[in-house]
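All values derive from a computational prediction rather than experimental measurement. Residue numbers start from 1 in every chain, and the chains themselves are labelled A, B, ... in the order their sequence lines are given, proteins ahead of strands.
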Amino acid sequence: MLPIKRACEGVVVQEDIENNNDNNGNNKNTNESKSEGASVFKKIRLAEATDSTVKITSEVVCGENNINSSNNHCSDSLVKGKEKEEASIMALGDANTTGIDEDLHSRQLAVYGRETMRRLFASNILISGMQGLGAEIAKNLILAGVKSVTLHDEGAVELWDLSSNFIFTENDLGKNRALASVQKLQELNNAVVIRTSTKKLTKEQLSDFQAVIFTDISFEKAIEFNDYCHNHQPSIAFIKTEVRGLFGSVFCDFGPEFTVIDVDGEELHRGIIASISNDNPALVSCVDDERLEFQDGDLVVFSEVHGMSELNDGKPRKIRNARAYSFTLEDDTTNYGTYVKGGIVTQVKQPKVLNFKPLREALTKPGDFLLSDFSKFDRPPLLHVAFQALDKFVSELGRFPVAGSEEDAQKLISIATNINESLGNGRQVDINPKLLRHFAFGAKAVLNPMAAMFGGIVGQEVVKACSGKFHPLFQFFYFDSVESLPSEPLDSSDFRPLNSRYDAQISVFGSKLQKKLEDAKVFIVGSGALGCEFLKNVALMGVSCGSRGKLTITDDDVIEKSNLSRQFLFRDWNIGQAKSTVAAAAAASINPNLKIEALQNRIGPDTENVFDDTFWENLSVVINALDNVNARLYVDQRCLYFQKPLLESGTLGAKCNTQMVIPHLTENYGASRDPPEKQAPMCTLHSFPHNIDHCLTWARSEFEGLLEKTPAEVNAYLSNPSEYSTAMTNAGDAQARDNLERVLDCLDKERCETFQDCVTWARLKFEDYFANRVKQLIYTFPEDAATSTGAPFWSAPKRFPQPLQFSTADFSHLHFVMAGSILRAETFGIPIPDWVKNPKKLAEVVDKVMVPEFQPKKDARIVTDEKATSMSTSSIDDSAVIAELISKLEQCQENLTPGFRMRPIQFEKDDDTNFHMDLIAGLANMRARNYSIPEVDKLKAKFIAGRIIPAIATSTTMATGLVCLELYKVLDGGHGVEDYRNTFANLALPLFSMAEPVPPKVIKHENMSWTVWDRWILKGNPTLRELLQWLKEKRLNAYSISCGSCLLYNSMFPRHKERMDKRVVNLAREVAKVDLPPYRHHLDVVVACQDDEDNDVDIPQVSIYFG
Amino acid sequence: MSSPSKRREMDLMKLMMGDYKVEMINDGMQEFYVDFHGPSESPYHGGVWRIRVELPDAYPYKSPSIGFVNKIYHPNVDEMSGSVCLDVINQTWSPMFDLVNVFEVFLPQLLLYPNPSDPLNGEAAALMMRDRAAYEQRVKEYREKYAKPEDIGAAPEENSSDEELSEDESDSSDEQVAGKADP
């Protein structure tokens, strides 16, 4: 049961909540926010009364977005007739409250899809308890774009809240937490309605919501509310979560019958069939093109099977014995037709129904706990008892245990022991007094990293509850990070509050570590989604906030609209500004003590003058917040060189990973790598695509060729014809010939002077791509062609294509011509007339285009008689052709207006009005149609062709929380490798996998040993010969020495022997052109060498001192 | 495993020790040319092709990119750009392979057993499928025109012995390959 259709019911109760608010208005401190809030509510009520519930707030504040999207609809109306799917999607979007702003949400849409987003936009959420955890959950949900979030809190902002809540400042002390949160949360997303509730909740009020989250509630109350939610029709998703010091818990109950639509969020796996046996069970083999990713028990459907056509019935079938290229079916195919050829097998996902237990029941029968760390497999049951004990402690004493109070700790331990003893046999746990003591001490504190981590987890659970997308957490999750505590034991006086904003944190870690945090010199590389979250975290933790602290952040990027759905320090008025500067200012407003400097330099070899030796040497720790592997590898190398800890993290959709790189304790980031992404072979892309990715890759490359490279080539010629011609003549190869041909075509045959010319060009491109080339291909390789072995040429995975017959009645054809002609006109600087967007007018113009009849080239076919002639045509000297092309070019250049230049177009995926994606989707879909490959809509095309990396706020927040739990360890110093944790998590499953980092590989040679963290030093400005001799004395024979990517010496090159008596530093300067800054007295070389038995020995980098 | 930069040096070294003529571009270890002799018992025998090898940053995790500099008539080599559509290089590369494998196994195998079912040069593929003799004739014409050993890189004298050596080398490896491969 999905709580979607209840969205409208919210109207009624909204007024209750609002009234609550009004009643609360007598709180003087909140006058301002109250009146603001009230005005928002009125507009909403008005809007809902008139039934056009279209996000009113956005009409007021971001009217621009609406205008934009209606523009899109105008242009898209062209396609409406044919592209039914697209049209119906739009109709839906227009009709209800959920017009998705796809520019804003593109990265999130890539994770969730439209349907999930639509459900989110219809969901009303209650968050009760607005300390650090509540604020993180609210942030994540507001960024995701739910319909409304109601913030509930009866308490006032305290100094302790400032350790974890990024919304509050010292000015908010004493204000109601919910009221103090509204304004800043509203800024995150104007399309979300934010309400407040400051009075005691009654269970009846919960019926206004699709999901309710409690971050600070007693078990007694929780059970009462949960019973109500569980039994409500339809049920209300209930989440109880809390973070207490370094301990956290989540409980989910989405009702007695909750349907999960998509259990893992993964793309559907596919396979191309090579054969199917008539057998029981039947064996299905697939082509060895790509490994199959099916798992036993998956359900699949078949299509396009020739011969055994019984399988094409669309019925899901269960698979067994899933292997890399085959599987068996549970079906008996003995009496089916005999397999001939073809066939595609596609996974189908079945909805899964979960029967949640209410809290009352689950407390005593918790079932399996979700485990996060195998080294702590016995921990969850213990924490299950501990959290109940804490609840009991608080209800009995009316307060939390005091940090450092042994008495309180003992009390908690004895309550826990009692609870444990009341459990039946076999369910009792080992009470670990040491752990419970830590639990008691930290219980009152909400720490920012814990809030961030659980804010991410719980935020994701709410999305699941509202949409059915991804598998919910079933039902308890417990976590602790006691390893984050300082390695030295703390004295109870260390916990004493200092009346500072860090008091909560001090109560857990002590004031000594707090001082270390404040004095830390930190470098955050990148100010995107991860960077924003990190800045918030470190600001709240007080990192680099002391007089000796310094935080440097760098990013060379500027803010774009698509960033705003998760890079939460940015607002729409910041679009176009430098990310690092805006983020730094926002972080400083979270904590004014933050000593931050924002730079706009891209990290890399080019900026080593900015990030110089002194800069690196002064750092305490480096935090990566990057989005690409190359930059990560570079920072890794720098950290390795300067022996600095590097905290690495990354996200992909709902997945995230963190990796700690600690000098001498762990391996470095680059030591292990994921295999690079497989690229499709060129021949497949050229002529034999078999999926839409192939079509899109091809489309993207054609787009670049037509609109960027060729115009740029034309300009290169025009800006200096003689130099260009000389260069091409000198090259004299096929590539040069091809360049010249394309330039000539653009300036001669295909030159456009009017918009009509551009329409003609686009129409003829259609003919060339989707008719002529296909006709040529199937002429060269007819459907019955056989290879030398007699096997059919057109066998799987190749698909036999059919040429398209252009028709103005087909809107997708017309749309292609429209996008093509508009972009062509742009490259020629021709104004674009309005009529191009009128399908009827455009069709008239297109119909007038003369399309020449196509004759396939016969070269390849006629082999005997015409061999001689065909040989002569295809192997004419390129240089002769080049000379002819150059002379033709000279002629047509005379007819050009002086100073004529083309305007190359660079692909920009994120502008919905520039027709780039229209053309690419058109190219890809028409090609898909040639090969009977299912087409995709523009949004999907954009994700694939634009290589949009799916990204959501929840996994990002969680990753940074996990990293900051490690930051405590790094800055404390003295932790062993066993205290650190790397994490891989997938919130979609959900899965948490934490493990100790891998130590660096130790290399042994003779009586020496070293790791990647070591460096060898050779002083005295040696010559190459001396360096080799020095290594020889270590029984190492060097055969290759390089500096950067440049070879200084290789024993195989005779000319390198001359270098023997040169000083290495001079070689580096002369050969490698190494620019050594005046203050530097050494250079580093990489030496490849072998031992006396010719085994390669991987020796450390060698630093050669010449000063 | 060695650090990636050392794999470059080691692999290059092994290639040179295998008597391949390697010419570095700018003393860098990213790009270089290697002379490749057409395997005997193939219509490419007697031709020498200059192969441009580019080692990507992620080498050996990512495959080297391989292209024929002088023209070759082959179903799996793009006539214009010289790009190779070779399954092992582009698709199933693993860091376990090295450059010697490319020149002693993958490329000889490609020239001995063209795969017309995945053509990059459709015309060559079609011709090979329909008229093997005409196809081989065309290969030879191209070889004689574009792949004359004396045209390659104006080789200095000291390399002539290298060439003979490497020819022997590739001959012997061809036999190994021929033994393994299916006809």
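- Counting heavy atoms from C-beta outward, B:P119 and A:F793 have side chains that approach closer than 4.5 Å.
- In terms of heavy-atom proximity, A:A786 sits nearest to B:M129 at O-CE, 3.1 Å.
- Rounding to the nearest 0.5 Å gives a distance of 9.0 Å between CZ of A:F688 and OG of B:S117.
- Counting heavy-atom pairs under 4.5 Å between each of A:D738, A:L633, A:V629, A:N630 and chain B puts A:D738 at the top.
- At a cut-off of 3.5 Å, with distance as the only test, a side-chain donor of A:S1042 or B:E9 sits close to an acceptor on the other residue.
- Within a 6.0 Å sphere centred on NZ of B:K62, other residues, nucleotides and ligands contribute 12 heavy atoms or fewer.
- Rounded to the nearest 0.5 Å, atoms CG (B:L12) and OG (A:S1040) are 7.5 Å apart.
- Contact annotation: the side chain of B:L120 approaches that of A:H686 to within less than 4.5 Å [non-hydrogen atoms, C-beta and beyond].
- Nearest heavy atom pair, residue B:G122 against residue A:T780, reads O-CG2, 4.0 Å.
- Taking a 6.0 Å sphere around NZ of A:K1057, one finds it holds more than 12 heavy atoms contributed by other residues, nucleotides or ligands.
- When side chains are defined from C-beta on, B:M16 counts as touching A:N1050, because their heavy atoms get closer than 4.5 Å.
- Note that the CG atom of B:N121 and the OG atom of A:S687 stand 10.0 Å from one another [nearest 0.5 Å].
- For a residue to count as touching a neighbouring chain, one of its non-hydrogen atoms must lie under 4.5 Å from one of that chain's; by this rule B:V22 touches chain A with the backbone only.
- Evaluation of the ring pair (Phe, Tyr, Trp, His ring centres under 6.0 Å) rule for B:Y135 yields no partner, not counting sequence neighbours.
- A distance of 13.5 Å separates CE in A:M1052 from NZ in B:K14, rounded to the nearest 0.5 Å.
- For the atom pair B:M17 CE and A:D1094 CG, the distance stands at 7.0 Å (nearest 0.5 Å).
- The CZ atom of A:R737 sits 9.5 Å away from the CE atom of B:M80 when rounded to the nearest 0.5 Å.
- Residues B:D118 and A:K798 are in side-chain contact: their nearest non-hydrogen atoms beyond the backbone lie under 4.5 Å apart.
- A:F781 and B:A125 get closest at one heavy-atom pair: CZ-CB, 3.8 Å.
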